[in-house]
Amino acid sequence: MMLDIIVLIRSLWWTHEKTSRGIDYYRKGNYVYPRLKVLKAYRKALTTWATWIDQYINPERTLVFFRGYSPTHFSGGQWNSGGQCHRETEPIFNESYLVSYPSKMRTLQHVLKQMKTPVIYLNVTRLTDYRKDGHPSIYRTIYETSEQRETAEQSQDCSHWCVPVFRILGMNCSMLISSSTKSDRDRDRTGPNQTMTPSNLAN
């Protein structure tokens with residue numbers, strides 16, 4: 001049986017700084033919130049999405065995935081204040097340097113538990129947290145002069161990725177989808193709203 005696939009990837013842009021600090025930024029219907037904290041707005045958006053999925057998606061013919069949040073690795077500042085990662089050449093080996101589980105992902109898991117439609121949560125947060133060496137940083141283009149490179153060091157990309165980690169996860173996701181289409185019994189065993197971490201994605 002052929003299945004439709006929906007993959008949701010949302011959280012990176014849900015930060016206080018990138019949403020005008022919540023001032024006159026969020027709208028529901030015709031109402032614009034004068035001020036709304038980003039986590040509360042994220043919860044409202046997820047709830048709207050979950051309601052739509054439950055209302056319009058037929059789980060008998062559609063698999064729904066939600067890929068989680070991948071941390072950034074800015075050092076010495078953020079993306080707009082001189083944060084850097086271009087000298088990182090190795091992953092994190094000491095787990096004490098890893099970030100705590102993001103509150104946005106806790107909010108996501110809470111919303112998923114309230115849904116009636118099965119959603120497979122691809123939890124890549126911890127996996128990608130190790131890879132502080134995996135960002136484009138300043139290596140997004142070729143610089144003609146040393147001045148251009150020095151300027152680029154003040155605005156680095158330490159949030160997107162250039163390592164093939166997500167491609168590998170995509171391959172495992174495809175394998176999961178393929179096996180899920182083989183029998184309804186296998187799909188029933190997966191169950192509603194499962195969290196797929198890197199370890200059980202590889203199994």
* Distance (rounded to the nearest 0.5 Å) between Q154 CD and Q84 CD -> 6.5 Å

* Where the side chain of Q148 meets the backbone of Y143, is there a donor-acceptor pair that is under 3.5 Å apart? -> no

* To do: Report yes if the side chains of T125 and P71 come closer than 4.5 Å at any heavy-atom pair, otherwise no.
  => yes

* Asked: Rounded to the nearest 0.5 Å, how far does OG of S137 lie from CZ of R87?
  -> 10.5 Å

* To do: Find out whether Y101 and Q109 are in side-chain contact, i.e. whether some heavy atom of one side chain is under 4.5 Å from a heavy atom of the other.
  => yes

* Same hydrophobic cluster for Y130 and L127, using side-chain heavy-atom links shorter than 4.5 Å among ILVMFWY? -> no

* To do: Considering non-hydrogen atoms only, spot the tightest contact between I92 and N94 and give its length.
  => CG2-O, 3.2 Å

* Asked: Is any side-chain heavy atom of W49 less than 4.5 Å from a side-chain heavy atom of M115?
  -> yes

* Measure from the side-chain N and O atoms of R35 to the backbone N and O of K37, and report whether any donor-acceptor pair falls under 3.5 Å. => no

* **Shortest non-hydrogen contact between S155 and R140, atoms and distance** => O-NH2, 2.8 Å

* Would a 4.5 Å heavy-atom cut-off, applied to side chains only, mark I53 and F66 as touching? -> no

* Between I57 and W52, does a side chain to side chain contact (heavy atoms under 4.5 Å, CB included) hold up when you go through it step by step? -> CA-CA 8 Å; I57 296 301; W52 186 90; 3.9 Å; yes

* Asked: Counting heavy atoms not belonging to Y31, are there more than 12 under 6.0 Å from its OH?
  -> yes

* CZ/R61 to CG/L63 distance, rounded to the nearest 0.5 angstrom? -> 12.0 Å

* Asked: Would a distance-only check, ignoring hydrogens and angles, find a side-chain to backbone donor-acceptor pair under 3.5 Å from S81 to G77?
  -> no

* Asked: Hey, what do you get for CD (Q55) to OG1 (T117), rounding to the nearest 0.5 Å?
  -> 10.5 Å

* Asked: For Y56, does the OH atom sit with more than 12 other heavy atoms under 6.0 Å from it, leaving out its own atoms?
  -> no

* To do: Would you indicate whether the side-chain heavy atoms of Y69 and L108 approach each other to under 4.5 Å?
  => no

* **Side-chain touch T89/D133, heavy atoms, less than 4.5 angstrom** => no

* Structure fact -> Output for pair (F65 CZ, I6 CD1), nearest 0.5 Å, gives 11.0 Å

* Structure fact -> Value for CD (E88) from NZ (K132), rounded to nearest 0.5 Å, stands at 3.5 Å

* To do: For residues H73 and H135, determine if any side-chain heavy atom of one lies less than 4.5 Å from a side-chain heavy atom of the other.
  => yes

* In this structure, are over 12 heavy atoms from other groups packed under 6.0 Å from N30 atom CG? -> no

* Structure fact -> Residues passing the salt bridge (Lys or Arg N to Asp or Glu O under 4.0 Å) test with R149, sequence neighbours excluded, are E153

* Minimum heavy-atom distance H160-P136, with the two atoms named -> O-CD, 3.1 Å

* Asked: In the hydrophobic clustering (ILVMFWY, side-chain contacts below 4.5 Å, transitive), which residues join L39, or is it alone?
  -> none

* Tell me whether L122 is reachable from I5 by hopping between hydrophobic residues (I, L, V, M, F, W, Y) whose side-chain heavy atoms are closer than 4.5 Å. => yes

* Under 4.5 Å between side-chain heavy atoms, hopping through other hydrophobics if needed: is there a path connecting M105 to L98? -> no

* Minimum-distance pair of heavy atoms, taken over all atoms of V111 and L46 -> CG1-O, 3.9 Å

* To do: Please check if V7 and I120 belong to a single hydrophobic cluster, counting links between Ile, Leu, Val, Met, Phe, Trp and Tyr side chain heavy atoms closer than 4.5 Å.
  => yes

* Asked: Does any non-hydrogen side-chain atom of Y25 lie less than 4.5 Å from one of L36?
  -> no

* Asked: Any side-chain donor-acceptor pair under 3.5 Å between S70 and W161?
  -> yes

* **Residues K40, Y26; criterion side chain to side chain contact (heavy atoms under 4.5 Å, CB included); working and verdict** => CA-CA 11 Å; K40 187 174 182 178; Y26 301 105; over 6 Å; no

